[in-house]
Amino acid sequence: MTAELPASTRDLRRHVVVIGAGAVGCVTAIEALRAGLRVSLVEPDPPGGSQASSYGNAGWLSSHSVIPPALPGAWRKVPSWLADPLGPLSVRWRYLPSALPWLLRYLVAGSTEARVLRTAKALRTLIADAPHLHASLAKEAGVPQLIEQRGLLHAYRSRAEFEADALGWRVRKEVGVRWQEWQEDALREQEPDLDARYTLGIFVPEAGHCRNPGEYVAALAGHAQAHGASRVAARATGFRIVGGRLRSVRTDVGDIDCDLAVVCAGARSAALAAAAGSPVPLESERGYHVVIKDTTVGPRTPVMVADGKLIVNWMEGGLRAAGQVEIAGLEAAPNWRRAEILHRHLKSMFPQLSQIASENTAVQRWLGHRPSMPDGLPCIGPARASSDILLAFGHGHVGLCASARTGRLTTQLLTGATPEIDLAPFDPHRFS
Ligand SMILES: Cc1cc2nc3c(=O)[nH]c(=O)nc-3n(C[C@H](O)[C@H](O)[C@H](O)COP(=O)(O)OP(=O)(O)OC[C@H]3O[C@@H](n4cnc5c(N)ncnc54)[C@H](O)[C@@H]3O)c2cc1C
């Protein structure tokens, strides 16, 4: 970290404005400070607050989550996405015309095994050591207890259900992911509360998880501020660019003069990217969570089940079930029936929950916006109107996990260093 300068010293460091204090923005701020830049963190709401996707996610640091959301043959499921508004993936009819171009690109991106493999290889470079990087960030920020590295579990009802995911696991193996198979007895022994319909476990030892993503992000923001980052409670609205050089970031409370900027506004990044000359096909894949407080029933290892496509993870605040994908834009009201589906599924996974879940058992619910590009890869790179502006958003289902390396990469770009991985797959302009 940089040492703080005395107040009287004129600050000659290059000034970077980081827009958005979700996981990506906070790690970017920390890494930029470490590299000797002056940092302002612009965010209208409390860092780590419920407005951010980084707050309510499932907390998986799943270094093996390299498979894009759409796979070959996904187009066959389109009718059911439209017909079943409460299925694991749905598209609201009214929003269909707006979402159509994104949906078509989404289907094409996962249309062949070769494309899926290409995406997986790129994602793996971004997240392979994410649990380790996050453990080290959490330690640095004074919250080491929030990151655990003791594996993640996928539970299947049968081998046939696992075989239906064969492409995904084949591709994971090809990019270096290793796992253990837990047959029925071993699964029962490891997960005594899990419903007996699950008979096969796939355990990925390398992966980790976060026990409170909102607190973690708040701690990262606090750490950045403690080391000199200024927090500006404002919403960025655009940029003042003169002759290709960034002069200031425009906000709803005035302009902030700066040399550099990074757009990390999650699912709300598209307007800022367009203002920087880089229109991108960014969509919100809306997701939900429910948290049951006051229970001790649940998994020993954070678990994803194939039948409900939801993740169940112990958080500091209780047992969280997160999932669902709803394409309905940023502004539509939440459909809390989706949270109820998660709750019902959670209770079916852990039947004892139904016995103890009384009217007094508090259930929290939340809607969040995954910032998603059609191919499941983020945008990391300079904007067209000025190379002083970097884009760093679009991490979709793996943004918490991928934020650690993303912050390092944006800082390498900001300081002119050679990025530690190939950034070509994350080119923000790959769709234009
Ligand atoms: C249900 C669900 C489960 C998930 N599970 C996981 C998981 O297990 N593991 C995982 O890795 N990922 C998961 N994700 C995805 C992950 O949460 C996101 O990819 C990640 O949080 C994105 O981080 P971010 O910093 O880009 O955006 P955000 O966390 O959304 O932060 C963006 C911030 O920018 C601010 N902002 C917006 N507009 C402006 C503006 N104009 N000016 C200034 N600030 C602005 C917002 O207020 C917000 O605080 C899940 C998501 C959901 C919805």
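Read the numbers this way: they start at 1 and go in the same order the structure lists the ligands and their atoms. Note that the coordinates shown come from a computational prediction; the quantities given were computed from them, not determined experimentally.
Distance alone, capped at 3.5 Å, places no donor-acceptor pair between the Ser248 side chain and the Arg250 backbone. The closest donor-acceptor contact from the side chain of Arg370 to the backbone of Glu285 lies under 3.5 Å. Within the 3.5 Å criterion, the main-chain N or O of Ala383 finds no donor-acceptor partner in the side chain of Ser387.
For ligand 1, the atoms sitting less than 4.0 Å from at least one non-hydrogen atom of Cys264 are 32 (C), 34 (O), numbered in the order shown with element in parentheses. Shown in contact with Ala58 at under 4.0 Å from a heavy atom are these atoms of ligand 1, numbered in order with element: 3 (C), 4 (C), 5 (N), 6 (C), 7 (C), 8 (O). Atoms of ligand 1 found under 4.0 Å from any heavy atom of Leu272, numbered from 1 in the order shown, are 41 (N). Below 4.0 Å from some heavy atom of Gln51 lie the following atoms of ligand 1, by number and element: 47 (O), 49 (O). Close approach of ligand 1 to Cys401 (heavy-atom distance below 4.0 Å) involves ligand atoms 10 (C), 11 (O). Atoms of ligand 1 found under 4.0 Å from any heavy atom of Arg268, numbered from 1 in the order shown, are 37 (C), 38 (N). Within ligand 1, counting atoms from 1 as listed, the ones closer than 4.0 Å to a heavy atom of Pro44 are 43 (C), 44 (N), 45 (C). Within the listing of ligand 1, atoms 7 (C), 8 (O) sit less than 4.0 angstrom from a heavy atom of Gly59.
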Go through the steps for Glu206 and Arg172 under the test salt bridge (charged side-chain N to carboxylate O under 4.0 Å, His left out), then give the verdict. CA-CA 13 Å; Glu206 65 172 48; Arg172 286 186 184 101; over 6 Å; no

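Distances between N or O atoms of Gly399 and those of ligand 1 include at least one value under 3.5 Å. Between Ala402 and ligand 1, no N or O atom pair is found at a separation short of 3.5 Å. Between Val24 and ligand 1, at least one pair of N/O atoms sits closer than 3.5 Å. When only interatomic distances are considered, the shortest N/O to N/O separation between Pro371 and ligand 1 does not fall below 3.5 Å.
For atom 41 (N) of ligand 1, the closest non-hydrogen atom on the protein side is Ala236 O, 3.0 Å. Ranking protein heavy atoms by distance to atom 7 (C) of ligand 1, first place goes to Trp60 N, 3.6 Å. At the shortest separation from atom 21 (O) of ligand 1 among protein heavy atoms lies Ser54 OG, 2.8 Å. Given atom 31 (O) of ligand 1, the protein heavy atom at minimum distance is Gly22 CA, 3.3 Å. Closest protein heavy atom to atom 4 (C) of ligand 1: Asn57 CB, 3.2 Å. In terms of protein heavy atoms, atom 27 (O) of ligand 1 is closest to Gly266 CA, 3.4 Å. Counting protein heavy atoms only, atom 51 (C) of ligand 1 is closest to Arg370 CG, 3.4 Å.
Leu400 has its side chain out of reach of Trp60: every pair of non-hydrogen atoms, C-beta onward, lies at least 4.5 Å apart. The side-chain heavy atoms of Val17 and Leu260, taken from C-beta on, include no pair separated by under 4.5 Å.
Salt-bridge check for Arg286 with Glu326: passed, with a basic side-chain N closer than 4.0 Å to an acidic carboxylate O. Salt-bridge formation is detected for the pair Glu331/Arg268: a Lys NZ or Arg NE/NH1/NH2 atom is positioned less than 4.0 Å from an Asp or Glu carboxylate oxygen. Salt-bridge annotation for Asp259 and Arg245: absent, with no side-chain N of the basic residue lying under 4.0 Å from a carboxylate O of the acidic one. Under the 4.0 Å criterion applied to side-chain N and carboxylate O atoms, Arg365 and Glu340 are not assigned as salt-bridge partners. With respect to Arg430 and Asp375, a salt bridge is recorded, a charged nitrogen being found less than 4.0 Å from a carboxylate O. Between Arg300 and Asp193, at least one side-chain nitrogen of the basic residue sits less than 4.0 Å from a carboxylate oxygen of the acidic one, meeting the salt-bridge criterion.
Comparing Ser53, Gly407, Gly396, Ser269 against atom 19 (O) of ligand 1, the shortest heavy-atom distance belongs to Gly396. With atom 32 (C) of ligand 1 as the reference point, the heavy atom nearest to it among Ala265, Pro47, Gly20 is part of Ala265. Which of Glu43, Met304, Arg235 comes nearest to atom 48 (C) of ligand 1 through a heavy atom is settled by distance: it is Glu43.
The ring pair (Phe, Tyr, Trp, His ring centres under 6.0 Å) with Trp179 is formed by just one residue from the set Phe162, Phe203, Trp169; it is Trp169. When the options His134, His223, His209 are evaluated for a ring pair (Phe, Tyr, Trp, His ring centres under 6.0 Å) with Tyr216, the one that passes is His134.
Under 4.0 angstrom from ligand 1, the non-hydrogen atoms of His397 all belong to its backbone. Here Tyr55 has no heavy atoms under 4.0 Å from ligand 1, in either its backbone or its side chain.
The OG1 atom of Thr301 sits 5.0 Å away from atom CD of Glu191, with the distance rounded to the nearest 0.5 Å.
For the pair Tyr288 and ligand 1, a heavy-atom separation below 4.0 Å is found.
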